[in-house]
Amino acid sequence: MNEEKVGVYVCHCGTNIAKVVDVVDVATWAGEQPNVEVAREYKFMCSSLGQELIEQDIKEKGLTRVVVASCSPHMHEKTFRGACERAGLNPFLFEMANIREHDSWITDDKVAATQKAKSLTNAAIARVVHHQPLEPIPVEINPNTLIVGGGIAGITAALELADAGNHVYLVEREPSIGGHMAQLDKTFPTLDCSACILTPKMVDVGQHANITLLTWSEVEELDGYLGNFTATVRKKARYVNEEVCTGCGICIEKCPAKVLDEVFEVGMGTRKVIYRPFPQAVPKYPVIDKENCIYFLRGKCKACELFCPTEPNSIDFTQKDEILKLQVGNIILATGYDLFDVKRIPQYGYGRLKNVFTSLEFERMVNASGPTDGKIVLRDGKTPPASVAIVHCVGSRDENYHKYCSKICCMYSLKFAHLVHERIPDAEVYNCYIDMRTPGKGYEEFYHRLLEEGTNFIRGKVAEITDAPRIPAEEGKLVVQVEDTLIGRQRRVPVDMVILSPAMEAKPDSKEVSQLFKMGCDFDGFFTERHPKLDPVATMTEGIYIAGACQGPKDVPESVVQGAAAAARVAGLINRGTVMMEPVRANIDQDKCSGCRICNNMCPYNAIVFHEDRHVSEVITALCQGCGTCVAACPSGIITGAHFTNDQVFSEIEGILWDVRPEKVLA
Amino acid sequence: MSENFEPVIVGFLCNWCSYRAADLAGTARLKYAPNMRPIRVMCSGRVDPQFVLKALRNGADGVMIAGCHPGECHYVSGNIKALRRFVLLKKMLRQLGVEEERVQLVWASASEGIILAEKVDKMTAEVRALGPLNWNKTVLGGNGHPVVKAEPVAEEV
């Protein structure tokens, strides 16, 4: 161990590090530390010249270990490992000291920063001499992909992968794919008919030879790791035999029971108990809503079965939930979003004041196939409003609810204003906004179009919506109380209809979903990407990707981009066939294991098996993820956590405390 | 002695949440106490109580263990195991006369650079107020064990 030759390279990172840390001092000091053969400082270690410096020293000075003191290993560990490898040194004989993110960027105190830089560098030197050469573990990638969520992001990802010749399982919770986009009427800023551009893609998915579409299904369990996941999917009973059903819809017509459609029509319309969410649903097979079905409730009816024209009959009241085990190599989560519950802001009166609508209710209303056949009317179902107020930022950009900007609301609120102008030319439209946010191709132009169409823009956050009049002109109206910050005055705007534009928020079960898939989500419930700028569709868990609004508020084009991007990432892995995994794994010394089994319960992946015959435990390397929990738990200390061994960490502790070490220490 | 005393705190940061939180704090140029010296572990569940004792024995005035929030662990539940060990370790440290504030367990997710920075500041202030730990005197001295003639640290095997 004492014969190791360590090369230490201290990076200036331009002035990022050198401005606060005395890099020359650190390098000079490092050169005097035990085992250090050479210590240098350089402007940019990550540049090709910087890397060459390392390669040259490995070859010429025979370095056996390399330490680079620069940025976070999450930034450039790969880069420098590559340099070592090119010079013939095992890449795991390298260690990084993070003197930028953890040091120079967090303090202006040059003395303290330089001292800390020495500590971190010394820790790395002390640790690296205990490193062992490791070989990455090759993992074969199962070419099948699981996509969860059949909205536009999931659909795009599925088609991209399937068109490239890969098999995809697309799992959707609802009876049809399409997601929120299927509920919309027009899409901003082009005013494309949403269904017209979406349904062809849905049909493509439904007919694609490479896509297994599993609607009315949910993922219940996930095992395995990159390249080799096993997903357990519950395919809920439809009570309709998909093998024989032709989707003719006679059963829907004949079903005598109607219920409020809370999902697709957001409570604005009704549906039958045997139903398709909407006419263009994919797949075309209907579903029986068991909770409301007369037959399931009272034991008789069976109208659907009676009128079903297929032979054999497609209706099957005995159908059971099916549990499927899918073998896949990668997973893309595109589980979408929900809208903020506007009832949480009682002063906006939703639910109490009948002519206050949510954005999605309005979307359904203006949709030609919606409950009012596209007519904009008040809750009474017939009166067109003479004036409409559209309230932006409901639940977003609000300290009390969501701090974030929901990003798409300005644009769809403008679209609503346009649709009101188009359908009711005489109507007055008021858009109450905090700031108008229209970044995007053609978006600002759309805003200007609305300015010309005569929309009244009021810059201010709405305080209250009330039906209590103060003057005769307010009688029978909804009054929007808002501070117009541009004229510096409180205004009371009497209108017939109010549309609330609620924030996009994460699905209520996103926490559970993130746990199920063993990846992270933030406080707002949106899934966390691997890097917010440079790796927006990968997650911290290898083999699991995210796309669309489950990652954060997003409009259709952005969701499509992410869906395609995630598909490209997966396709890349499938093409490679085999990937190399970090060899950070636990290993139990079979000769020394006492068989106490303490580690067995520690492992979250059930990667430790106990051999009854030999009375020892063993780690299944393929299942181990390298967390090291068992290593810390082993009372005999005979589990080795590769690259994080006790020796390595203990030395690192000693090294990091080089300047405060007491004279004598009890071992 | 505690005039101008700057505590040294060793931080065990999990690779997925807290280490990245510290990265983020740096990237966002948040200014906080440089007293915490981070050591990366894959999971807070990897933090063997011996690591903490080793750090204190070797001159650290405090140890911070930082992991993902409960329920958010990259390895499902490693942080819960860290919590369990932490509770036991605290009991033992109390018996040794090591003050509560010297060993802390904090949760900081990858997006919580601010939280991590705040916790480091808070802990630094607390440990600064306590003064140096001086393990040999406080822990060993008080126990009647001789402090002299100890072998230097040797991890064989």
Side-chain angles (χ1 to χ4, degrees), chain A residues 72-75 98 100-109 112-113 115-116 119-120 123 511 514-515 518-523 528 532 540-541 584 602 604-605 625-629 631-633 637 641 643-644 646-647 649-654 656-657 659-667, chain B residues 6 8 10 16-17 19-20 22-27 29-35 37-43 45-51 54-55 57-60 68 71-78 81 85 109-111 117 134-136 140 145 147-155 157:
Chain A
S72 169
H74 291 296
M75 207 78 182
N98 185 347
R100 192 179 75 173
E101 281 87 342
H102 291 186
D103 191 12
S104 74
W105 276 351
I106 61 131
T107 183
D108 297 322
D109 183 339
Q115 189 74 359
K116 186 171 178 180
S119 289
L120 300 182
K511 271 244 147 74
S514 74
Q515 278 167 31
K518 301 186 179 77
M519 34 84 77
C521 73
D522 62 22
F523 264 146
T528 318
M540 298 288 187
T541 308
V584 177
M602 282 289 150
Y605 302 97
Q625 299 289 301
C627 64
T629 305
V631 186
H643 217 51
F644 288 87
N646 283 346
D647 278 355
V649 181
F650 280 136
S651 312
E652 196 173 355
I653 297 169
E654 280 171 35
I656 215 164
L657 295 168
D659 53 341
V660 290
R661 212 166 4 207
E663 291 286 296
K664 299 270 183 192
V665 184
L666 276 179
Chain B
E6 279 304 325
V8 171
V10 172
W16 304 96
C17 290
Y19 194 91
R20 280 165 205 256
D23 277 0
L24 182 64
T27 309
R29 312 297 199 277
L30 299 174
K31 300 293 177 227
Y32 65 92
N35 304 50
R37 301 177 179 180
I39 289 179
R40 179 162 67 132
V41 285
M42 290 310 279
C43 178
R46 173 66 181 97
V47 179
D48 188 325
Q50 291 187 71
F51 293 176
K54 168 91 181 172
R57 217 165 52 202
N58 273 47
C68 313
E72 290 182 6
C73 179
H74 181 79
Y75 300 106
V76 190
S77 56
K81 315 236 160 76
R85 286 183 196 133
S109 74
S111 57
N134 209 345
W135 175 275
N136 282 358
L140 302 183
H145 286 294
V147 183
V148 287
K149 258 207 105 205
E151 291 287 308
V153 187
E155 250 85 36
V157 179

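In what follows, chains carry the letters A, B, and so on, assigned in the order in which the sequence lines appear, proteins first and then strands, with residues in each chain numbered from 1. Note: hydrogens, waters and symmetry copies are ignored here, and every other heavy atom, side chains too, is used. Remember, predicted model here, so these are calculated numbers, not experimental data.
For a residue to count as touching a neighbouring chain, one of its non-hydrogen atoms must lie under 4.5 Å from one of that chain's; by this rule R40(B) touches chain A with backbone and side chain alike. Interface remark: A117(B) contributes no atoms to any contact with chain A (heavy atom separation under 4.5 Å). Neither the backbone nor the side chain of M75(A) comes within contact range of chain B; no heavy atom of the residue lies under 4.5 Å from a heavy atom of that chain. Using a 4.5 Å cut-off between heavy atoms, I656(A) contacts chain B through both its backbone and its side chain. Heavy atoms closer than 4.5 Å to chain B are found in both the backbone and the side chain of T107(A).
The choice from Q50(B), K31(B), H74(B) that makes the most heavy-atom pairs within less than 4.5 Å of chain A is K31(B). Most heavy-atom pairs under 4.5 Å with chain A: of the set V47(B), V41(B), L24(B), L30(B), this distinction falls to L30(B). Chosen from T629(A), V660(A), V584(A), L120(A), the residue pairing most often with chain B at heavy-atom distances under 4.5 Å is T629(A). The most heavy-atom pairs under 4.5 Å with chain A, out of V76(B), N35(B), D23(B), come from D23(B). Interface summary for chain A: among C73(B), C43(B), S109(B), P34(B), the most heavy-atom pairs under 4.5 angstrom belong to P34(B). Between chain B and the options T528(A), D109(A), D659(A), the largest number of non-hydrogen pairs under 4.5 Å is found for D659(A). Most heavy-atom pairs under 4.5 Å with chain B, from the set E652(A), Q625(A), Q515(A): that is E652(A).
When all heavy atoms of H102(A) and P38(B) are compared, the closest pair comes out as ND1-CG, 3.3 Å. Of all heavy-atom pairs between A55(B) and L657(A), the closest is O-CD1, 3.4 Å. Taking both residues in full, the closest heavy atoms of R85(B) and M602(A) are given as NH2-SD, 3.8 Å, listed atom of the first, atom of the second, then distance.
Contact of the R46(B) side chain with the C627(A) side chain is not registered, since no non-hydrogen atoms from C-beta on lie closer than 4.5 Å.
Atom CZ of residue F51(B) and atom CD1 of residue I653(A) lie 6.0 Å apart, to the nearest 0.5 angstrom. Distance check: S119(A) OG to R37(B) CZ gives 3.0 Å after rounding to the nearest 0.5 Å.
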Next on the checklist: Test salt bridge (Lys or Arg N to Asp or Glu O under 4.0 Å) on K54(B) and E654(A); report intermediate values, then the result.
Outcome noted: CA-CA 8 Å; K54(B) 168 91 181 172; E654(A) 280 171 35; 2.7 Å; yes

Item to check | W105(A) vs T27(B), side-chain contact (heavy atoms from CB on, under 4.5 Å): CA-CA, chis, key distance, verdict | outcome: CA-CA 7 Å; W105(A) 276 351; T27(B) 309; 4.1 Å; yes

